[in-house]
Amino acid sequence: MERVESHASFGGRQEVWRHASTSTGTEMRFGIYLPAQALAGEKCPVLYWLSGLTCTEQNFITKAGAQEHAARHGLIVVAPDTSPRGEAVANDPAYDLGQGAGFYVNATQAPWAPHFRMQDYVAQELPALVEQHFPASAARSISGHSMGGHGALVTALRHPGRYRSVSAFSPIVAPSQVPWGQKALTAYLGADRASWAAWDAVELVKGASERLPLLIDQGDADEFLAGQLQPHLLQAACHAAGHPLTLRLQPGYDHSYYFIASFLGEHFAHHAQALRG
């Protein structure tokens, strides 16, 4: 564990750390915001944020304005990188596969399998690391954007009881049915579509044992809405399964961090209520 950035922000500190990951076999980085309560030694609940395609840990911590909300609610916020990186790590020339596009799955196919184990990293290794080295309680919530929204939904649905709340901005809800997801799942998991169901929120909702309410914001001017995101598929699956879902279609908003920043405060309030009561 090595701290590589530290900045005072809203009475707390925004830091970036790097460490050797046992899940990915690479160096990984994550951003962590520590509110004033945590700096004073109080154990605080943690909100995990998963970013989207092409992002690193930097995008959310520099663009979203999350620190003010985290300080107000006394939440630690952890934002990991989206995938393993390095010269020895498999990659692809396209932006939607390889480094920067881990899709938060555990890859089973060559050449991805040795390093692309992002689900193990975000669901198991990273929380254990945070709770060991920082004043973090075991109360966790998870959120994300686009590919990271997919990651947040899938991670919460795959691990009932681990998270107090979950939300997403513009998530890829049905990767098995859209080009981004089909490309990534074929590469990482192979051509057997039956294996994809464990990484698809629409499929996971059908058999979910926990009825953790889902909160999703989606801009209706999002250029990826019709072709890649298709939130109506999750809406239909939740309705059929009786799974609680709040899907808010926001007029005029696109896929950018301007959209995220506009509604992030409401998501923080949603998570803070679950994490702090």
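For the residue pair Ser176 and Glu203, no side-chain donor N or O sits within less than 3.5 Å of a side-chain acceptor on the partner. Side-chain atoms of His255 and Gln228 form no donor-acceptor pair, as typed in the model, at a separation below 3.5 Å.
When each of Gln14, Arg72, Arg13 is paired with Gln67, the side-chain hydrogen bond (donor to acceptor under 3.5 Å, both in side chains) condition holds for Gln14 and for no other.
There is no path of hydrophobic side-chain contacts, each under 4.5 Å, that joins Leu275 to Leu214.
Between His19 and Tyr121, the gap from one ring centroid to the other is short of 6.0 Å.
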Worked check of side-chain hydrogen bond (donor to acceptor under 3.5 Å, both in side chains) between Glu68 and His73: CA-CA 9 Å; Glu68 181 179 6; His73 294 291; over 6 Å; no
Chi angles and distances behind the ring pair (Phe, Tyr, Trp, His ring centres under 6.0 Å) call for Trp180, Phe224: CA-CA 10 Å; Trp180 274 343; Phe224 303 113; 4.8 Å; yes
Steps toward side-chain hydrogen bond (donor to acceptor under 3.5 Å, both in side chains) verdict (Gln235, Gln230): CA-CA 9 Å; Gln235 187 175 44; Gln230 302 189 22; over 6 Å; no
Residue pair Asn106, Gln119: steps toward the side-chain hydrogen bond (donor to acceptor under 3.5 Å, both in side chains) verdict: CA-CA 6 Å; Asn106 288 334; Gln119 179 65 192; over 6 Å; no
Audit row: His267, Phe169, ring pair (Phe, Tyr, Trp, His ring centres under 6.0 Å) steps and yes/no: CA-CA 9 Å; His267 283 241; Phe169 290 84; 4.0 Å; yes
Steps toward salt bridge (Lys or Arg N to Asp or Glu O under 4.0 Å) verdict (Arg29, Asp81): CA-CA 6 Å; Arg29 292 189 177 219; Asp81 199 352; over 6 Å; no
Test salt bridge (Lys or Arg N to Asp or Glu O under 4.0 Å) applied to Arg140 and Glu131, step by step: CA-CA 10 Å; Arg140 313 175 196 97; Glu131 290 162 25; 2.7 Å; yes
Derivation of the side chain to side chain contact (heavy atoms under 4.5 Å, CB included) call for Leu215 and Leu245: CA-CA 6 Å; Leu215 170 62; Leu245 166 67; over 6 Å; no
Candidate pair Phe30 and Trp49, rule ring pair (Phe, Tyr, Trp, His ring centres under 6.0 Å), full reasoning: CA-CA 10 Å; Phe30 63 90; Trp49 172 271; over 10 Å; no
Residues Glu125, Arg117; criterion salt bridge (Lys or Arg N to Asp or Glu O under 4.0 Å); working and verdict: CA-CA 11 Å; Glu125 182 181 359; Arg117 302 194 62 81; over 6 Å; no
Verdict with supporting geometry, Tyr104 and His150, ring pair (Phe, Tyr, Trp, His ring centres under 6.0 Å): CA-CA 8 Å; Tyr104 303 102; His150 143 77; 7.1 Å; no
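Ion pairing between Glu42 and Arg276 holds under the 4.0 Å rule for side-chain N and carboxylate O.
Side-chain atoms of Ile172 and Val178, non-hydrogen and from C-beta on, do get closer than 4.5 Å to each other. Two residues are said to be in side-chain contact when any heavy atoms from C-beta on lie closer than 4.5 Å; Ser9 and His7 fail this criterion.
If you take CZ on Phe259 and CG on Asp254, they are separated by 8.5 Å, rounding to the nearest 0.5 Å.
The two residues Val154 and Ala201 have their closest heavy-atom pair at CG2-N, 3.9 Å.
Residue Lys183 qualifies as enclosed at atom NZ: its count of foreign heavy atoms under 6.0 Å is above 12. Surrounding OH of Tyr95 are more than 12 heavy atoms belonging to other residues, nucleotides or ligands, all under 6.0 Å away. More than 12 non-hydrogen atoms from other residues, nucleotides or ligands lie less than 6.0 angstrom from CD of Gln182.
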